[in-house]
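Below is one structure, written out as structure tokens, with a few remarks after it.
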There are 2 protein chains.
Amino acid sequence: MRNFLKTKGLKMTSQRETIFRAFFESEPHMTVEELHERVISMDPAIAYTTVWRTLKLICEVGLGEKKYFGDGVVRYDRVTATPHGHLVCQKCGSTEEFFSSEITRLLQDRADESGLLPEEYRIEVVGICLKCRQQREASGDVTDTSAKGKSSAGDNVIDISGAGGM
Amino acid sequence: MRNFLKTKGLKMTSQRETIFRAFFESEPHMTVEELHERVISMDPAIAYTTVWRTLKLICEVGLGEKKYFGDGVVRYDRVTATPHGHLVCQKCGSTEEFFSSEITRLLQDRADESGLLPEEYRIEVVGICLKCRQQREASGDVTDTSAKGKSSAGDNVIDISGAGGM
DNA sequence: AAGCTAATTGCAATCGGATTGCAGCTACAT
DNA sequence: ATGTAGCTGCAATCCGATTGCAATTAGCTT
């Protein structure tokens with residue numbers, strides 16, 4: 001790693017060493033803040049900004065990549081040789097990775113068709129995990145406070161007015 | 001639509017009518033700002049906030065959903081009966097939609113395996129579109145997607161890939 | 001070992017989109 | 001026409017992302 005940086009005119013510092021280690025040893029898709037927390041548990045003096053910049057660096061040299069799940073916060077994932085997808089629970093935020101060369105191939109084909117040179121795949125299924133569904137039932141709470149809930153897909157065919165025809 | 005709102009104790013206003021129309025007639029995945037621009041071209045008095053809130057409303061009733069592409073800005077897409085994927089060019093930001101029941105089915109299966117009840121699919125291929133690749137060549141730019149160039153400029157302005165936005 | 005310089009760091013400030021508080025306005029049930 | 005729950009616009013606020021800057025440091029040079 002040190003050498004890797006050297007060839008780019010970059011320096012290895014104790015901070016970077018700590019952050020690298022934290023990043024590559026941690027679970028995938030962490031936010032800057034999460035990683036920073038882990039980092040300060042190893043060296044309390046390292047600043048958030050430094051973690052952020054190092055993460056950026058890691059992405060720039062191709063060892064990591066930004067991920068955008070559905071909560072508006074940027075996450076960082078180390079780059080794996082094989083693209084993979086995520087199952088994300090929108091309730092508890094838990095994630096699970098999965099691999100499917102079949103899906104990747106289909107996507108590749110589709111990109112080719114349009115002349116897009118793929119750099120990254122984002123494959124995510126967002127939903128409610130088993131655990132959360134069970135909890136919901138357990139609490140006997142069938143609530144779903146009015147307007148918050150999604151209407152069941154069936155009647156989405158609402159005429160948007162006497163205004164413009166879609 | 002008016003009736004639809006009514007049943008939820010919500011009101012139809014001229015602003016909403018305009019925003020609804022703009023949203024459903026526009027191309028997919030627009031940002032709040034983009035939609036707002038379109039809206040003020042129809043009625044200059046409508047505020048950004050109102051567009052934002054209406055978009056939120058649309059999502060809450062299940063007619064739209066947030067999308068997070070890779071540039072840190074939230075986009076809104078109208079919900080289509082069938083899930084679809086996007087091809088996104090990270091250079092020019094252009095997007096193209098595509099449908100693949102095969103991919104959806106595979107994802108569904110995989111989610112089932114883990115007990116995740118799917119609510120939404122995110123299927124995106126990010127890369128460089130044909131047009132941008134041609135432009136890059138045309139400009140005589142030596143194409144080197146691997147990580148190399150390090151401008152010794154003061155601050156890091158490397159834009160290897162994946163990291164930078166549009 | 002000491003010197004030199006560009007790279008790096010921490011802090012505070014800034015940026016910018018997302019979100020909210022509030023007072024005035026309006027749709028619409030009565 | 002009237003009352004009231006909902007809207008709306010504006011300004012303020014929130015909050016993660018990003019940057020300016022002066023002090024510090026890694027790593028090369030002598």
Side-chain angles (χ1 to χ4, degrees), chain A residues 1-20 30-37 39-40 43-61 66-76 146-147 161, chain B residues 1-20 29-37 39-40 42-61 64 66-76 150-159 163-166:
Chain A
M1 185 48 138
R2 171 178 247 89
N3 293 330
F4 182 66
L5 290 177
K6 197 183 294 184
T7 67
K8 296 192 184 308
L10 304 174
K11 293 173 181 174
M12 173 55 88
T13 64
S14 68
Q15 290 94 328
R16 283 187 176 169
E17 191 170 333
T18 303
I19 297 169
F20 285 145
M30 302 191 61
T31 66
V32 179
E33 196 176 345
E34 285 166 356
L35 189 62
H36 181 222
E37 272 175 37
V39 163
I40 46 184
D43 179 349
I46 299 179
Y48 173 95
T49 309
T50 302
V51 174
W52 182 83
R53 278 193 274 230
T54 303
L55 242 15
K56 188 181 180 216
L57 174 70
I58 291 174
C59 291
E60 285 169 349
V61 300
K66 288 182 168 186
K67 284 289 176 187
Y68 302 76
F69 291 176
D71 55 3
V73 188
V74 178
R75 287 158 197 289
Y76 293 82
S146 59
S161 76
Chain B
M1 187 55 165
R2 170 178 249 90
N3 292 330
F4 181 67
L5 291 177
K6 196 182 296 184
T7 66
K8 297 200 182 306
L10 304 174
K11 292 174 181 172
M12 173 55 89
T13 63
S14 69
Q15 289 96 327
R16 283 187 175 170
E17 190 170 333
T18 303
I19 297 169
F20 285 145
H29 24 81
M30 302 192 61
T31 65
V32 179
E33 197 176 344
E34 286 167 355
L35 189 62
H36 181 222
E37 271 174 38
V39 163
I40 47 184
M42 301 162 78
D43 179 348
I46 299 179
Y48 173 96
T49 308
T50 303
V51 174
W52 181 83
R53 278 193 275 232
T54 303
L55 242 15
K56 187 180 180 218
L57 174 70
I58 291 174
C59 290
E60 284 170 349
V61 300
K66 288 184 167 187
K67 284 289 176 187
Y68 300 76
F69 291 175
D71 55 2
V73 188
V74 178
R75 287 158 197 289
Y76 292 82
K150 181 8 180 163
S151 56
S152 48
D155 228 292
N156 35 8
V157 193
I158 323 169
D159 184 40
M166 341 187 286

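Proteins come first, then strands; the chains are lettered A, B, ... in the order of their sequence lines, and each starts at number 1.
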Worksheet, complete the sentence: Minimal heavy-atom distance between A:Ile46 and A:Ile40, with the atoms involved, is O-CG2, 3.5 Å
Item to complete: Mind calculating the distance between NZ (A:Lys56) and P (C:dA7) to the nearest angstrom?
Response: 14 Å
Practice prompt. Take the protein atom CD1 of B:Ile19 and the nucleotide atom C1' of D:dC7, then report the distance between them rounded to whole Å.
Written response: 11 Å
Worksheet item: In terms of side-chain heavy atoms of B:Thr49, which of C:dG10, C:dT8, D:dA11 is nearest?
Response: D:dA11
Practice prompt. Write down the distance between CD1 (B:Ile40) and P (D:dC10), rounded to a whole number of angstrom.
Written response: 11 Å
Discussion item. Just N and O in the side chain of B:Arg16: are any of them under 4.0 Å from OP1 or OP2 of D:dT8?
Written reply: yes
Worksheet item: What's the shortest heavy-atom distance between A:Met30 and A:Leu35, and which atoms?
Response: CE-N, 3.8 Å
Item to complete: Check A:Tyr76 against A:Cys59 and note the closest heavy-atom contact, atom names and distance.
Response: CD2-SG, 3.6 Å
Item to complete: Could you tell me the separation between the CG atom of A:Leu55 and the P atom of D:dG16, rounded to a whole number of Å?
Response: 15 Å
Discussion item. Would the base of C:dG10 count as contacting A:Arg53 through its side chain, where contact means a donor and an acceptor less than 3.5 Å apart?
Written reply: yes
Practice prompt. Taking only the side-chain nitrogens and oxygens of A:Gln15, find out if one of them lies under 4.0 Å from OP1 or OP2 of C:dG10.
Written response: yes
Practice prompt. Give me the ring orientation class for B:His36 and B:Tyr48: parallel if the planes are under 30° apart, tilted from 30 to 60°, perpendicular past 60°.
Written response: perpendicular
Discussion item. Can you tell me which nucleotide in D:dG27, D:dC7, C:dG10 comes closest to the side chain of A:Lys11?
Written reply: D:dG27
Worksheet item: Which pair of heavy atoms, one from A:Met12 and one from A:Glu17, lies closest together, and at what distance?
Response: SD-N, 3.8 Å
Item to complete: May I have the distance from B:Ile46 (atom CD1) to C:dC25 (atom C1'), rounded to whole angstrom?
Response: 15 Å
Practice prompt. Round to a whole Å and report the spacing from NZ of A:Lys67 to C1' of D:dA17.
Written response: 20 Å
Contact list (N/O, under 3.5 angstrom) for nucleotides 14-18 of chain C vs protein:
residue	atom	partner	partner atom	Å
C:dA18	OP1	B:Val74	N	3.3
C:dA18	OP2	B:Tyr48	OH	2.9

Worksheet item: Under the 3.5 angstrom rule, does the side chain of B:Arg75 hit a backbone N or O of B:Phe69 as a donor-acceptor pair?
Response: no
Fill in: Value in whole Å for how far the C1' atom of C:dT8 lies from CD of A:Glu60
14 Å
Worksheet item: Given atom OH of A:Tyr68 and atom C1' of D:dG16, what is their separation to the nearest angstrom?
Response: 12 Å
Fill in: Pairwise side-chain contact, B:Leu57 with B:Leu10, heavy-atom cut-off 4.5 Å (strictly under)
yes
